[in-house]
Amino acid sequence: MRDGQHQRVKRAAASVAPRLRQRPCVGLVLGSGLGEFADDLAELVRIPYAEIPDMPRPLVIGHAGNLCSGIVSGVPVVCLQGRSHLYEGHSQESVVFGARLLAELGCTVVLLSNAAGGIHVSFEAGDLMLLTDHLNLMGDNPLRGPNYADGPRFPDLGQAYDLELLAFAREAARASGVTLREGVYAAMLGPSYETPAEIRMLRTLGADAVGMSTVPEVIALRQMAVRVGAISCITNLAAGLSSQPLNHADVEATARRSRNAFGRVLSRWVALAGTVGA
Ligand code: HPA
């Protein structure tokens, strides 16, 4: 079996597609505490991951585990309400399975979100940060192994985050009255949070925020020529930058507090992204 991964994604898409009311053009990946966006979709169809062949189940609190399709601002979307992470013990294939499924269902644009720790001195908890680039410090790459679907073996990541989608995100934030920070996201394996020394290292390396997701999906999507944009909700100041010990409950609670601003920006971002994703 030369490309079993592609066969599995195609089989999952074949089981999901007939249940959707419309073919999606924009895919959304909703991170920790941000999944509620999908509950408000017009014409909502919710498919539990358990009903999708080979779809991994997220085990982390705050990740619901549904594929939701519907309409946002007139644009047909499909959302992953919850994702799987490498630190849960999932394989790279599992971690990017949902993102590849969005592409296989017809999405030519995918917008991702996550919760992240703020490293840049001017960031505060509750801020939203548009990813302009990333550092893959997870120690692995989702493209390791057999080449997926005859895509490029060595995909270019010179502009992983699509310039037009970056411009649309800025416009969406401006129209929503929300301040949108920008910066470089460093992906760590986790699940332990970083040490203060690691955060100093990441800052020296050029990171503005740190998290444990998103980068594998972005790499897999770029290999499939999907246009990608991503926003982090800065849920906390990274280790050593505040006196507060870090914990997941606070991370989730802060993401939830940002969900109104996040939802307003995301709805407008989808509307603009829909003009290129069709
Ligand atoms: N570090 C890593 N991942 C995170 C953090 C953090 O501080 N906050 C939310 N996800």
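Residue numbers run from 1 in the order of the sequence given. On a predicted model such as this, the values are computed, not experimentally measured, just so you know. Just follow the structure's listing: the first ligand is 1, and inside any ligand the first atom is 1.
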(message) Under the side-chain hydrogen bond (donor to acceptor under 3.5 Å, both in side chains) definition, can you give me all pairs with a residue in residues 161-172, not counting sequence neighbours?
(response) H134-Y161, D162-R227, E164-R227, R170-E182

(request) Please identify each residue that fulfils side-chain contact (heavy atoms from CB on, under 4.5 Å) with S94, with sequence neighbours left out. (result) P56, H90, S91

(request) Would you please name every residue forming a side-chain contact (heavy atoms from CB on, under 4.5 Å) with N114, sequence neighbours left out? (result) R83, A116, Y185, S213, T214, S232

(request) Using a strict cut-off of under 4.0 Å between a residue heavy atom and any atom of ligand 1, list the qualifying protein residues by chain and number. (result) A115, A116, G117, Y193, E194, V210, G211, M212, T235, N236, L246, V251

Do [X] and [Y] meet the criterion of a side-chain donor-acceptor pair at a distance under 3.5 Å?
X    : Y    : value
D39  : Q81  : yes
R100 : Q5   : yes
D250 : Q244 : no

